[in-house]
Amino acid sequence: EHELAAPPLGLIESASVASPAAAAHVSRRHVAFVEESLVLSGTEGRCSIHRRCGGESMGGVLVSRLQRLWRACRLDLYLFSPLLVSVAMSAVVQRYDLYASWKAPIDGGRTFCGKRIFGDSKTWRGVAVAVIGSIATVILQKHVLFDVAQTLAVVDYAQVSVLMLGTAIGASAMAGELPNSFVKRRLGIAPGSTARRPVRRVAFWVWDQVDLLTLSWPALLPWVHPTLGLVTASFVLALVIHPLVAEVGFLIGARKTAR
């Protein structure tokens, strides 16, 4: 007979003194602990494993994880709401072709190996709208929504510079899209088009949805200490929300395609 010992409660208490994070880790071990005993059954020599669960049922664990994911999604929605506002502003600007003098391509029409670096779809107007929209939203988060949205804030908005945080969010999101465009131009994929090969088509579809996050999280490090849950939830949200936003933009005439 083989027995596995559960983590002692004293370890949980000592960990709580040393570090709250350590205490939480040890506590989870204790809750999730499973004791296994091997029992020989009769003369047939069969071995059965009896598990006595010292914590939640599988259903309870699943519900708990879904609840944590939902909370992380809510935190991410509030954190990245400046980008959602910027997208809405960009849709209006593109639909009515506002500020046309700013619509100069970021690459200035230059080429690399005979092909455009980013293409005409990446413009300084897009960067300006993203930054202005992000700054405006951070102003609202700091001066208007601060008291009613404290439970959703992972940033101490009372202490931040709205110019620095708003610029970081908007500019990093736009910069995160550039490598995607660069690779597509090298492969001969025009703006708004997709790859012909199925594997590449799927890969670029995923990249199209999440590329704005690839530099946003590093840019937010001075204000946010990201957890694996927050980062994972943000990518899940991007995979869900970005295609819907693109479809709406196409339907109202702000985008040439729904991709």
Side-chain angles (χ1 to χ4, degrees), residues 76-110 116-145 155 157 160-185 190-193 204 207-220 222-224 234-235 237-259:
D76 281 325
L77 277 173
Y78 191 72
L79 175 63
F80 290 108
S81 57
L83 292 182
L84 295 176
V85 173
S86 298
V87 168
M89 291 177 56
S90 179
V92 174
V93 169
Q94 293 185 54
R95 174 65 179 82
Y96 298 102
D97 197 23
L98 304 177
Y99 309 106
S101 61
W102 296 3
K103 201 169 57 174
I106 294 175
D107 62 12
R110 289 183 289 272
R116 287 289 296 275
I117 298 176
F118 302 123
D120 290 334
S121 62
K122 301 304 174 186
T123 67
W124 289 112
R125 182 177 69 175
V127 176
V129 171
V131 171
I132 293 171
S134 295
I135 291 174
T137 309
V138 174
I139 291 175
L140 289 176
Q141 289 174 316
K142 178 173 183 175
H143 297 291
V144 179
L145 303 175
V155 173
Y157 289 98
V160 301
S161 163
V162 294
L163 290 177
M164 292 183 64
L165 179 57
T167 301
I169 293 175
S172 63
M174 294 299 99
E177 294 182 345
L178 296 182
N180 187 348
S181 297
F182 179 81
V183 173
K184 284 182 177 179
R185 301 301 91 80
S193 301
F204 276 116
W207 196 1
D208 285 341
Q209 314 316 313
V210 303
D211 54 5
L212 76 170
L213 293 174
T214 55
L215 293 182
S216 292
W217 277 113
L220 285 170
W223 301 278
V224 181
S234 69
F235 279 85
L237 282 174
L239 289 171
V240 174
I241 294 177
H242 197 278
L244 297 177
V245 171
E247 185 69 32
V248 172
F250 173 69
L251 292 176
I252 66 174
R255 297 173 62 100
K256 294 181 179 179
T257 69
R259 297 187 182 91

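Keep in mind the model is a prediction, meaning the values are calculated, not measured.
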A.B. asks: Nearest 0.5 Å, what's the CE-OG1 distance between Met89 and Thr137?
C.D. replies: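 Rounded to the nearest 0.5 Å, the CE-OG1 separation comes to 8.0 Å.
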A.B. asks: For Tyr78 and Gln141, run side-chain contact (heavy atoms from CB on, under 4.5 Å): C-alpha distance rounded to whole Å, both residues' side-chain angles, the deciding distance at 0.1 Å, then the answer.
C.D. replies: CA-CA 9 Å; Tyr78 191 72; Gln141 289 174 316; 3.5 Å; yes
A.B. asks: I want to check something: taking the side chain as every heavy atom from C-beta on, are Val224 and Trp217 in contact at a cut-off of under 4.5 Å?
C.D. replies: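 Side-chain contact under 4.5 Å: yes.
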A.B. asks: So, do Met164 and Pro222 sit near enough that their side-chain heavy atoms are less than 4.5 Å apart?
C.D. replies: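 Side-chain contact under 4.5 Å: no.
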A.B. asks: Apply the test side-chain contact (heavy atoms from CB on, under 4.5 Å) to residues Ser216 and Ile169: give CA-CA distance (whole Å), side-chain angles for both, the deciding distance (0.1 Å), then the verdict.
C.D. replies: CA-CA 6 Å; Ser216 292; Ile169 293 175; 5.7 Å; no
A.B. asks: Where do Val210 and Ala238 come nearest, in terms of heavy atoms and distance?
C.D. replies: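 Looks like CG1-CB, 4.1 Å.
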A.B. asks: Any donor and acceptor pair, going by atom type alone, linking the side chain of Arg185 with main-chain N or O of Gly119 inside 3.5 Å?
C.D. replies: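 No; zero donor-acceptor contacts below 3.5 Å.
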A.B. asks: Could you tell me the separation between the CG atom of Leu237 and the CD atom of Gln209, rounded to the nearest 0.5 Å?
C.D. replies: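 Here the rounded value is 13.0 Å.
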A.B. asks: What distance do Leu212 atom CG and His242 atom NE2 have between them, rounded to the nearest 0.5 Å?
C.D. replies: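 One gets 6.0 Å once the value is rounded to the nearest 0.5 Å.
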A.B. asks: Ignoring hydrogens, what is the shortest heavy-atom contact between Ser234 and Asp76? Give both atom names and the distance.
C.D. replies: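 Answer, listing the atom of Ser234 first, then Asp76: N-OD2, 3.0 Å.
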A.B. asks: Is Asp107 salt-bridged to Lys122, going by a charged N under 4.0 Å from an acidic O?
C.D. replies: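 Here Asp107 does not pair with Lys122 in a salt bridge, since their nearest N and O are not under 4.0 Å apart.
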A.B. asks: Mark yes or no for whether Ser90, through its side chain, and Ser86, through its backbone, hold a donor-acceptor pair below 3.5 Å.
C.D. replies: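 No, Ser90 side chain to Ser86 backbone: no donor-acceptor pair under 3.5 Å.
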A.B. asks: With sequence neighbours left out, write down each residue that passes side chain to side chain contact (heavy atoms under 4.5 Å, CB included) with Ile139, or none if nothing qualifies.
C.D. replies: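 With sequence neighbours excluded, Ile139 shows a side chain to side chain contact (heavy atoms under 4.5 Å, CB included) to Ile135, His143, Val162, given in chain and number order.
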A.B. asks: Does Ser101 reach the side chain of Arg125, with side-chain heavy atoms less than 4.5 Å apart?
C.D. replies: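 Sidechains of Arg125 and Ser101: no contact.
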A.B. asks: Within this structure, what is the NZ-OG distance for the pair Lys142 and Ser161, rounded to the nearest 0.5 Å?
C.D. replies: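 Nearest 0.5 Å value for the NZ-OG distance: 7.0 Å.
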A.B. asks: Start with the C-alpha gap between Ile241 and Leu84, add the side-chain angles, then the distance that decides, and say whether side-chain contact (heavy atoms from CB on, under 4.5 Å) holds.
C.D. replies: CA-CA 10 Å; Ile241 294 177; Leu84 295 176; 4.2 Å; yes
A.B. asks: What I'd like to find out is whether the side chain of Val183 reaches to under 4.5 Å of the side chain of Phe204, using heavy atoms alone.
C.D. replies: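 Heavy-atom side-chain distance check passes, below 4.5 Å.
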A.B. asks: Donor-acceptor pair, distance only, cut-off 3.5 Å: does the side chain of Thr214 make one with the backbone of Asp211?
C.D. replies: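 The answer is yes, because a donor-acceptor pair under 3.5 Å joins these two groups.
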A.B. asks: Would Trp102 and Val129 count as a side-chain contact (heavy atoms from CB on, under 4.5 Å) if you check the C-alpha gap in whole Å, the side-chain angles of each, and the deciding distance to 0.1 Å?
C.D. replies: CA-CA 10 Å; Trp102 296 3; Val129 171; 5.7 Å; no
A.B. asks: Could you pull out the closest heavy-atom pair between Arg116 and Pro105, with the gap in Å?
C.D. replies: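 Looking at all heavy atoms of both residues, the closest pair is NH2-CB, 3.7 Å.
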A.B. asks: Do the non-hydrogen side-chain atoms of Thr123 and Gln94 ever get within less than 4.5 Å of each other?
C.D. replies: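 Thr123 does not reach Gln94 side chain to side chain.
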A.B. asks: Just how far is it from atom CD of Glu177 to atom OG of Ser172, taken to the nearest 0.5 Å?
C.D. replies: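 Nearest 0.5 Å value for the CD-OG distance: 10.5 Å.
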A.B. asks: Return yes when atom CH2 of Trp223 has more than 12 non-hydrogen atoms of other residues, nucleotides or ligands closer than 6.0 Å, and no otherwise.
C.D. replies: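 It does: Trp223 CH2 has more than 12 such atoms within range.
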A.B. asks: Is there a side-chain contact between Phe80 and Leu213, using heavy atoms and a 4.5 Å cut-off?
C.D. replies: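 Side chain of Phe80 against side chain of Leu213, heavy atoms only: contact under 4.5 Å found.
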A.B. asks: Less than 4.5 Å apart, any side-chain heavy atom of Leu79 and any of Leu220?
C.D. replies: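 Leu79 reaches Leu220 side chain to side chain.
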A.B. asks: How long is the span from the OG atom in Ser134 to the CG atom in Leu163, to the nearest 0.5 Å?
C.D. replies: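 Ser134 atom OG to Leu163 atom CG measures 12.0 Å (nearest 0.5 Å).
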A.B. asks: Asp97 versus Lys103: any side-chain heavy-atom pair under 4.5 Å?
C.D. replies: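 Result yes, sub-4.5 Å side-chain heavy-atom pair found.
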